[in-house]
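None of the values given here were measured: they were computed from a predicted structure. Chain A is the first sequence line, chain B the second, and so forth, proteins listed ahead of strands; every chain is numbered from 1. Note: hydrogens, waters and symmetry copies are ignored here, and every other heavy atom, side chains too, is used.
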Amino acid sequence: MSAEKTPIPLGSNFIRAIVEKDIEQGVYSTRKWAGTPGDAAHHAAGQPDPAKIRTRFPPEPNGYLHIGHAKSIFLNFGLARDYGGVCHFRFDDTNPEKESQEYVDSISDAVKWLGFSWENVGPEHNQNSMYFASNYFDLMYRAAESLIENGHAYVDSQSAEEMRIMRGTLTEAGKNSPWRDRTVAENLSLFREMRDGKHADGSLILRSKIDMASPNINLRDPAIYRIKRAHHHNTGDKWCIYPMYTFAHPIEDALEQITHSICTLEFEDQRPFYDWLLGRLAEAGMLAHPLPKQYEFARLNLTYVVLSKRKLIDLVEDNHVSGWDDPRLPTLAGARRRGYVAEGFKLFTDRIGVSKADSWIEYTILEDCMREVLNESSERRIAVLDPIKLVIDNYAVDADGKSQTEDCFAPNHPLKPELGKRVVPLSRELWIEREDFMETPSKGYFRLVPDGLVRLRYGYVVKCTGFEKDAAGNVTTVHCEYLPDTKSGTPGSDSIKVKGNIHWVSVAHAYETEVRLYDRLFKEAHPGAGDSDYLNDINPNSVTLITAQLEPSLKDVNPEDRFQFERHGYFVADRKDSLAGKPVFNRTVTLRDAWQK
RNA sequence: UGGGGAGUCGCCAAGUUGGUUAAGGCACUGGGUUUUGAUCCCAGCAUCCGAAGGUUCGAGUCCUUCCUCCUCAGCCA
């Protein structure tokens with residue numbers, strides 16, 4: 001039909017290429033799935049896996065999710081969705097000291113908020129895909145014994161400090177531990193004693209037995225099981241030994257029949273161990289081929305924010321922000337309160353792509369994505385954020401001197417006439433923006449100026465007749481006269497053409513409330529760049545609290561309702577601080593403004 | 001200085017086994033529409049792919065050397 005080249009699909013990246021190739025070659029087509037995680041025997045008794053691929057999103061429940069996690073979530077859940085697979089939502093909870101149910105809950109909330117679920121998923125919509133690494137402690141323990149039995153692991157009596165010294169350096173080989181050649185029987189009995197609580201924390205440790213001279217330090221007999229008497233949020237006090245990430249993660253993937261285990265670049269050096277471990281366990285018959293494979297991509301770096309867990313904790317604990325859900329924070333809880341939307345994050349992740357190159361994404365990309373979906377989805381409303389009074393001196397008053405009121409009609413969405421119009425009342429005294437009037441206009445300014453004409457949006461064209469200032473010289477009131485034939489929507493509305501078009505709210509009808517104007521938390525694109533302290537780069541004006549005058553319809557909205565305040569930006573009714581009939585608003589993001597540039 | 005990665009337009013990022021004019025998005029610039037200086041629409045925007053050599057009829061894609069950046073020495077994940 002046409003000779004055009006085939007278009008490159010949106011979101012094409014090296015991981016999708018790998019998945020497509022694997023599916024095409026049937027690499028994972030022989031896998032079986034017993035319906036629940038388990039070892040080789042467990043799955044061998046199951047059915048051919050209806051899921052073409054299995055990916056996983058494995059957060060440790062020791063903190064709040066942030067924008068970087070959103071990239072991983074959309075990647076892993078997106079892959080599963082696009083290729084007929086399942087994404088396992090798995091808590092990597094192998095270190096009880098740092099983890100808690102609070103984090104399990106907040107992480108679950110965030111994932112759900114982004115639009116993903118773990119109930120009734122999979123090709124047959126009957127799977128619950130939320131898992132906990134801690135549910136595999138028995139199997140992991142068995143795997144450790146299997147390693148010992150086959151001479152691939154030993155119990156070391158060295159202290160952590162001694163181990164560090166013996167490990168060597170980046171350029172020097174390490175030395176074998178004096179305990180490296182304990183017999184299988186001795187190792188087994190010692191390991192069982194560890195499990196049974198016969199030894200103090202830190203006194204003994206199980207290590208894999210690989211190569212202390214390996215150029216890859218991760219292969220110099222890495223620790224795989226440590227003694228740690230700590231209460232676990234899921235297993236309670238059942239265990240006093242816990243597996244290390246290095247050991248636990250590959251096994252978790254294998255037990256869950258994961259096909260593509262996708263993580264960030266810093267785990268690249270870990271991959272040889274991942275493959276080594278799974279290889280040994282497969283030899284021992286505990287796992288079956290094909291084994292899961294690990295792939296790495298570059299983690300997200302965003303300008304003007306910090307995403308490291310440590311820094312986020314500092315910001316919260318040192319009260320630089322109000323909490324984990326502070327709207328200025330890049331946490332998903334914060335983004336949600338700020339008014340950011342899940343579809344915006346989806347757009348964002350599609351737009352930034354996935355690769356192995358370290359990169360810094362400009363924060364405006366994220367803002368643009370939010371603008372793009374909010375423009376489409378948000379109804380328009382009118383809000384005056386920095387009010388001065390406009391008096392229409394020739395506007396009709398009743399016999400008692402009170403202003404008359406008339407209805408103006410404002411479309412709820414200019415791109416969607418089917419959403420209808422709403423009434424906004426007009427009267428003699430209005431609130432307008434301070435910046436919409438200039439006594440001596442700068443070049444190119446086309447709003448209200450002395451003797452000038454401007455349209456009151458959805459109302460009349462008015463002519464400025466004068467203004468008043470206070471003692472400090474600030475304009476407090478502008479006077480004008482309206483042109484009766486020019487009302488919007490009437491035949492004469494176009495009789496006079498004006499370029500300026502300003503919004504307004506009737507003083508007598510306005511809903512006065514608090515509005516928080518958020519700006520970026522950091523004033524530098526790369527907070528803490530070089531050796532500087534990132535806290536020094538905090539923007540002292542990241543939030544401005546104002547009292548704004550809003551159109552009356554805004555009084556009765558629900559928490560998390562989102563609107564575009566015309567000519568200002570997108571705002572959301574705060575989900576925490578809004579009371580019934582008394583919402584307060586957060587500015588999500590401003591509109592683009594070609595004039596201020 | 002050992003190992004493992006990465007370097008394509010200001011910011012991201014496609015570029016199958018080398019094949020002839022280096023996708024796309026964001027940003028930017030110019031123009032149009034518009035009762036939001038918003039949205040939308042149109043046009044422009046890398047003779048060049050970290051650098052230098054080489055192989056080839058032909059290289060971002062192959063070879064050599066070099067440069068820069070990231071990452072690994074937790075009983076964290």
Side-chain angles (χ1 to χ4, degrees), chain A residues 5 7-14 17 21 58-60 62 92-95 97-99 156 158-161 163-165 167-174 201-207 214-220 222-228 242 244-246 248-249 263 265-272 296 298 303 309 350-362 364-365 368-369 371-372 375-376 380 382 410-411 414-415 444-447 455-459 461 488-489 493-494 497-503 564-569 590-597:
Chain A
K5 328 185 225 187
I8 292 156
L10 178 73
S12 161
N13 62 53
F14 78 102
K21 190 164 166 241
E60 182 187 13
N62 70 343
D92 204 357
D93 53 354
T94 57
N95 185 356
E97 286 176 341
K98 297 183 168 185
E99 299 151 4
D156 199 338
Q158 293 182 109
S159 67
E161 174 66 6
M163 269 177 63
R164 189 180 61 75
I165 293 166
R167 187 151 34 228
T169 69
L170 294 179
T171 53
E172 299 165 281
D201 287 18
S203 61
L204 251 33
I205 190 154
L206 185 69
R207 302 178 72 178
S214 171
N216 180 350
I217 294 181
N218 295 288
L219 259 25
R220 318 238 263 230
I224 56 180
Y225 246 106
R226 79 281 217 185
I227 305 173
K228 186 179 291 229
Y242 292 94
M244 302 282 290
Y245 163 86
T246 310
H249 206 91
C263 59
L265 250 25
E266 66 269 27
F267 294 101
E268 264 177 325
D269 299 338
Q270 211 83 237
R271 188 176 355 118
E296 310 87 12
T303 59
K309 196 165 278 179
D350 285 345
R351 205 164 266 184
I352 63 176
V354 178
S355 75
K356 299 190 74 148
D358 299 302
S359 60
W360 282 84
I361 307 295
E362 293 169 343
T364 53
I365 302 273
D368 267 320
C369 290
R371 284 193 187 99
E372 201 166 315
N375 175 50
E376 184 68 22
R380 313 287 124 123
I382 300 169
L415 309 174
Y445 186 83
F446 54 70
R447 275 109 92 158
R455 173 173 293 281
L456 296 178
R457 197 160 161 72
Y458 312 125
V461 172
S488 295
S493 67
D494 286 338
K497 294 265 188 198
V498 293
K499 188 145 169 79
N501 200 304
I502 68 174
H503 61 272
Q564 182 198 96
F565 289 178
E566 295 195 9
R567 304 211 299 140
H568 282 303
T590 62
L591 250 29
R592 272 212 208 88
D593 189 349
W595 162 243
Q596 286 192 353
K597 279 181 180 169

Engineer: Which residue lies toward the 5' end of RNA chain B, Ser493(A) or Glu99(A), if each is placed at its nearest nucleotide?
Structural biologist: Ser493(A)
Engineer: rC26(B), OP1 or OP2 - any side-chain N/O from Thr364(A) closer than 4.0 Å?
Structural biologist: no
Engineer: Could you say whether the aromatic ring of Tyr245(A) and the base of rA77(B) stack, counting only centre distances under 5.5 Å and plane angles under 30°?
Structural biologist: no
Engineer: Atom CZ of Arg455(A) and atom OG of Ser488(A): how far apart are they, to the nearest 0.5 Å?
Structural biologist: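 Answer rounded to 0.5 Å: 4.0 Å.
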Engineer: Looking at every strand, decide which applies to Arg380(A) at a 4.0 Å heavy-atom threshold: base, sugar-phosphate, or nothing.
Structural biologist: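 If one applies the 4.0 Å heavy-atom cut-off, Arg380(A) turns out to touch a base.
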Engineer: In a check of side chain to side chain donor-acceptor pair (under 3.5 Å) between His503(A) and each of Glu566(A), Arg380(A), Arg567(A), which one passes?
Structural biologist: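 Of the listed residues Glu566(A), Arg380(A), Arg567(A), the side chain to side chain donor-acceptor pair (under 3.5 Å) partner of His503(A) is Arg567(A).
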Engineer: Would you mind telling me which of rC76(B), rG37(B), rC75(B) lies closest to the side-chain atoms of Ala160(A)?
Structural biologist: rC75(B)
Engineer: Side chains of Ser203(A) and Ile227(A), heavy atoms from C-beta outward: is any pair under 4.5 Å?
Structural biologist: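 With C-beta onward as the side chain, the pair touches.
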Engineer: Closest to the Gln270(A) side chain: rU36(B), rA77(B), rC12(B)?
Structural biologist: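 The nucleotide sitting nearest to the side chain is rA77(B).
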Engineer: Between rA52(B) and rA73(B), how far apart are the two C1' atoms, rounded to whole Å?
Structural biologist: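 Those two atoms are separated by 35 Å.
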Engineer: Can you tell me which nucleotide in rA27(B), rA13(B), rC75(B) comes closest to the side chain of Ser355(A)?
Structural biologist: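 Comparing rA27(B), rA13(B), rC75(B) against the side chain of Ser355(A), the answer is rA13(B).
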Engineer: Which part of the nucleic acid, if any, lies within reach of Tyr242(A) when heavy atoms closer than 4.0 Å are counted: base, sugar-phosphate only, or nothing?
Structural biologist: nothing
Engineer: To the closest 0.5 Å, what do you measure between CD (Gln270(A)) and OG1 (Thr246(A))?
Structural biologist: 4.0 Å
Engineer: Would you mind classifying the nucleic acid contact of Asn501(A) as base, sugar-phosphate or nothing, using non-hydrogen atoms under 4.0 angstrom?
Structural biologist: base
Engineer: Sub-3.5 Å donor-acceptor pair from the side chain of Arg220(A) to the main-chain atoms of Ser214(A), do we have one?
Structural biologist: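 Checking the backbone N and O of Ser214(A) against the side chain of Arg220(A), a donor-acceptor pair under 3.5 Å is found.
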Engineer: For nucleotides rG3(B) and rU56(B), find the distance between their C1' atoms and express it as a whole number of Å.
Structural biologist: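 Each nucleotide's C1' atom is 35 Å from the other's.
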Engineer: Report the nucleotide, chosen from rC75(B), rU35(B), rC76(B), that has the shortest atom-to-atom distance to any side-chain atom of Lys98(A).
Structural biologist: rC76(B)
Engineer: Which nucleotide wins on minimum distance to the side chain of Asp269(A), given the candidates rC75(B), rC26(B), rC72(B)?
Structural biologist: rC72(B)
Engineer: Reckon Gly444(A) touches a base, only the sugar-phosphate, or nothing at all at heavy-atom distances under 4.0 Å?
Structural biologist: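 Base, at least one base heavy atom under 4.0 Å.
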Engineer: Which part of the nucleic acid, if any, lies within contact of Ser159(A), taking any heavy atom under 4.0 Å across all strands shown: a base, the sugar-phosphate backbone alone, or nothing?
Structural biologist: base
Engineer: Kindly say if Ser12(A) contacts the phosphate of rA14(B), meaning a side-chain N or O under 4.0 Å from OP1 or OP2.
Structural biologist: no
Engineer: If you only use heavy atoms from C-beta on, which nucleotide in rC76(B), rU36(B), rG2(B) is closest to the side chain of Thr171(A)?
Structural biologist: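 Per side-chain heavy atoms of Thr171(A), the pick is rG2(B).
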Engineer: Within the 4.0 Å heavy-atom criterion, would you say Gln158(A) contacts the bases, only the backbone, or no part of the nucleic acid?
Structural biologist: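 Here Gln158(A) touches the bases of the nucleic acid.
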Engineer: Is Lys98(A) paired with Glu60(A) through a side-chain N to carboxylate O contact shorter than 4.0 Å?
Structural biologist: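 Lys98(A) and Glu60(A): not salt-bridged.
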Engineer: For rU68(B), give its Watson-Crick or G-U wobble partner with both distances under 3.5 Å, or none.
Structural biologist: rA6(B)
Engineer: Please work out if Pro272(A) contacts a base, only the sugar-phosphate, or nothing of the nucleic acid, heavy-atom cut-off 4.0 Å.
Structural biologist: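 Contact class for Pro272(A): none.
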Engineer: Give none if rG30(B) has no partner; otherwise give the nucleotide forming a Watson-Crick or G-U wobble pair with it, both distances under 3.5 Å.
Structural biologist: rC42(B)
Engineer: For the residue pair Thr94(A) and Tyr242(A), establish whether any side-chain heavy-atom pair is separated by less than 4.5 Å.
Structural biologist: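 Sidechains of Tyr242(A) and Thr94(A): no contact.
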Engineer: Mark up nucleotides 5-11 of chain B, 5' to 3', with B wherever a protein heavy atom is under 4.0 angstrom from a base atom, S wherever such an atom reaches only the sugar-phosphate, and - elsewhere.
Structural biologist: SS---BS
Engineer: Can you tell me if the side-chain N/O atoms of Arg567(A) get under 4.0 Å from OP1 or OP2 in rU35(B)?
Structural biologist: no
Engineer: Glycosidic conformation of rG19(B), syn or anti, with 90° from 0 as the boundary?
Structural biologist: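 Anti conformation for rG19(B).
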Engineer: Any side-chain heavy atom of Gln564(A) within less than 4.5 Å of one from Leu591(A)?
Structural biologist: yes
Engineer: Both distances under 3.5 Å, Watson-Crick or G-U wobble: report the partner of rC57(B), or none.
Structural biologist: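 For rC57(B), the partner nucleotide comes out as rG19(B), under the 3.5 Å rule.
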Engineer: Establish, with yes or no, whether the OP1 or OP2 oxygen of rU34(B) is under 4.0 angstrom from a side-chain nitrogen or oxygen of Arg457(A).
Structural biologist: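 Answer no for this pair, as no side-chain N or O of Arg457(A) is under 4.0 Å from OP1 or OP2.
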Engineer: With sugar-phosphate meaning primed atoms plus P, OP1 and OP2, does Gln564(A) contact a base, only sugar-phosphate, or nothing at under 4.0 Å between heavy atoms?
Structural biologist: base
Engineer: Pick base, sugar-phosphate or nothing for Tyr225(A), based on heavy-atom distances below 4.0 Å to the nucleic acid.
Structural biologist: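 No contact.
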Engineer: With rounding to whole Å, what would you report as the distance between rG5(B) and rC62(B) at their P atoms?
Structural biologist: 15 Å
Engineer: Counting distance only, does the side-chain N/O of Asp269(A) pair as donor-acceptor with the main-chain N or O of Asn216(A) below 3.5 Å?
Structural biologist: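 Between the backbone of Asn216(A) and the side chain of Asp269(A) there is no qualifying donor-acceptor contact (under 3.5 Å).
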Engineer: Answer with base, sugar-phosphate or nothing: what part of the nucleic acid does Lys499(A) contact at a heavy-atom distance below 4.0 Å?
Structural biologist: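 Since no nucleic acid heavy atom lies under 4.0 Å of Lys499(A), the category is nothing.
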Engineer: Determine the contact category for Leu170(A): base if any of its heavy atoms lies under 4.0 Å from a base atom, sugar-phosphate if only primed atoms, P, OP1 or OP2 are that close, otherwise nothing.
Structural biologist: base
Engineer: Hey, which sits more toward the 5' end of RNA chain B by its nearest nucleotide, Asp92(A) or Gly353(A)?
Structural biologist: Gly353(A)
Engineer: Ignoring backbone atoms, test whether Arg167(A) places a side-chain nitrogen or oxygen under 4.0 Å from the OP1 or OP2 oxygen of rG74(B).
Structural biologist: yes
